[in-house]
Amino acid sequence: MSEFAESVPAEDLTADQLVEAIPPLIATVSSRLGEHAEILRDWSRDWLLAWNTYDVDAVLALVTEDFVYQDPSMFGDRIVGRGAFREFLTMMWHAFPDMEMEIPSTPYVPLIGTGLAVPWRLTGTFTGDLRAGADLTIAPTGHRFDIHGIDLYTYRDGLLSHWTSVADQMNLARQLGLVPDPNSRQIKYALRAQRLLTPLLTAGKRKR
């Protein structure tokens with residue numbers, strides 16, 4: 001089972017196959033990732049330094065040409081390639097010029113493939129325009145944010161080839177002053193209105 005799981009991408013395995021493969025895969029983690037340990041350490045050190053010194057070229061040097069970034073909050077959109085990633089970094093650091101990344105707890109290694117799962121803490125201040133689409137720009141609010149999340153990194157030939165970032169985007173939006181606090185009057189009134197209007201709207205649909 002271990003040899004099968006090692007030779008087949010994780011996304012091609014069933015849930016049952018992945019569960020059954022856990023014991024043998026754990027037994028091979030050290031030997032499989034041992035040769036990459038120093039590479040991953042050096043990459044992580046350079047990645048953190050490049051982000052916290054706002055060095056676009058240094059960040060881009062750590063990703064592959066066909067690098068892919070995705071975030072659930074992007075509604076299925078992805079950033080593909082170094083050129084698009086450069087634009088993303090420039091936009092982020094313009095909007096949050098004092099943004100700082102920390103790693104508050106231990107990273108995790110995958111049972112299949114070469115990668116890392118890295119918990120992070122991100123802080124900064126919203127002082128520049130933030131592009132939220134081709135024709136939409138959000139004005140800065142001057143609010144600070146402090147959020148936690150986790151990054152899923154996949155590597156190829158010592159460079160980052162795929163990055164998925166997961167965080168509580170609603171919490172971030174609240175901290176930036178883009179949406180009301182859940183305990184605010186606005187939210188309470190909106191929920192009451194929704195409860196009043198929903199029966200009327202659903203009744204109208206049933207009549208059609």
Side-chain angles (χ1 to χ4, degrees), residues 10-11 40-41 43-56 58-60 62-64 67-82 84-134 136-155 159-184 186-187 190:
E11 58 269 21
L40 294 178
R41 178 202 62 195
W43 181 94
S44 299
R45 180 181 57 209
D46 294 342
W47 179 255
L48 194 61
L49 177 63
W51 269 90
N52 287 335
T53 55
Y54 318 110
D55 190 333
V56 175
V59 171
L60 295 179
L62 296 170
V63 306
T64 61
F67 164 78
V68 175
Y69 170 78
Q70 64 183 42
D71 180 329
S73 68
M74 296 169 66
F75 303 106
D77 287 342
R78 303 186 303 168
I79 294 172
V80 180
R82 286 177 175 164
F85 192 37
R86 177 184 290 275
E87 293 182 7
F88 172 78
L89 292 172
T90 301
M91 179 268 295
M92 288 291 291
W93 287 333
H94 172 75
F96 312 107
D98 61 345
M99 185 167 64
E100 184 173 352
M101 180 191 297
E102 300 176 14
I103 299 177
S105 59
T106 182
Y108 299 85
V109 296
L111 296 181
I112 299 175
T114 303
L116 288 173
V118 182
W120 51 259
R121 177 191 180 197
L122 206 61
T123 59
T125 312
F126 187 13
T127 59
D129 288 344
L130 177 64
R131 193 173 70 251
L136 178 62
T137 300
I138 302 174
T141 62
H143 289 206
R144 281 194 58 77
F145 69 89
D146 185 340
I147 62 169
H148 291 254
I150 189 163
D151 285 342
L152 306 178
Y153 298 144
T154 301
Y155 301 94
L159 297 176
L160 183 65
S161 60
H162 193 280
W163 172 17
T164 299
S165 189
V166 181
D168 185 345
Q169 297 297 332
M170 183 59 70
N171 179 36
L172 174 60
R174 285 197 296 267
Q175 291 189 40
L176 294 179
L178 302 180
V179 298
D181 184 275
N183 296 316
S184 67
Q186 297 97 313
I187 293 295

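These numbers were taken from a predicted model, which means no experiment stands behind them.
Residues N52 and M101 share a closest heavy-atom pair of OD1-N, 2.7 Å. Closest approach of G113 and P110 over heavy atoms only: O-CG, 3.7 Å. For the residue pair S161 and T64, the shortest heavy atom distance occurs at CA-OG1, 3.5 Å. Taking every heavy atom of both residues into account, R82 and L159 meet most closely at NH2-CD1, 4.1 Å. The minimum heavy-atom distance between M99 and W51, with the atom names listed, is CE-CZ3, 3.7 Å. The two atoms that bring W93 and A50 nearest to each other are CH2-O, 4.2 Å, heavy atoms only.
Below 30°, between 30° and 60°, or above 60°: for Y153 and Y155 the angle between ring planes is above 60°, a perpendicular geometry. Between F96 and F126, the ring planes lie tilted relative to each other; the angle falls in the 30° to 60° range.
Annotation for Y108: atom OH does not count as buried by contact number, only 12 or fewer foreign heavy atoms lying within 6.0 Å. Few gaps surround CZ on R144; more than 12 heavy atoms of other groups in view lie less than 6.0 Å from it.
The distance from atom CD of Q70 to atom CG of L152, rounded to the nearest 0.5 Å, is 9.0 Å. To the nearest 0.5 Å, atoms CZ (F67) and NE2 (H162) are separated by 8.5 Å. Atom-to-atom distance recorded for H148:NE2 and L172:CG is 12.5 Å, nearest 0.5 angstrom. Atoms OG1 and OH, from T90 and Y54 in turn, are 14.0 Å apart once rounded to the nearest 0.5 Å. To the nearest 0.5 Å, atoms CE (M92) and CG (L89) are separated by 8.5 Å. Taken to the nearest 0.5 Å, the CG atom of L130 stands 8.0 Å off from the CG atom of L178.
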Q) Does the pair L62 and L160 meet the rule for a side chain to side chain contact (heavy atoms under 4.5 Å, CB included), with working shown? A) CA-CA 6 Å; L62 296 170; L160 183 65; 5.8 Å; no

Audit row: F85, V59, side chain to side chain contact (heavy atoms under 4.5 Å, CB included) steps and yes/no: CA-CA 9 Å; F85 192 37; V59 171; 3.6 Å; yes

Quiz prompt | side chain to side chain contact (heavy atoms under 4.5 Å, CB included) evaluation trace for S44 with V118 | solution = CA-CA 10 Å; S44 299; V118 182; 5.8 Å; no

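Side-chain atoms of D98 and T125 form a donor-acceptor pair, as typed in the model, at a separation below 3.5 Å. The closest side-chain donor-acceptor pair between D151 and S165 falls under 3.5 angstrom.
At a threshold of 4.5 Å between non-hydrogen side-chain atoms, the residues I138 and D129 do not count as touching.
When atom types are taken as modelled, the side chain of Q175 and the backbone of D146 share a donor-acceptor pair closer than 3.5 angstrom.
Aromatic rings from W47 and W163 are positioned such that their centres are separated by under 6.0 Å.
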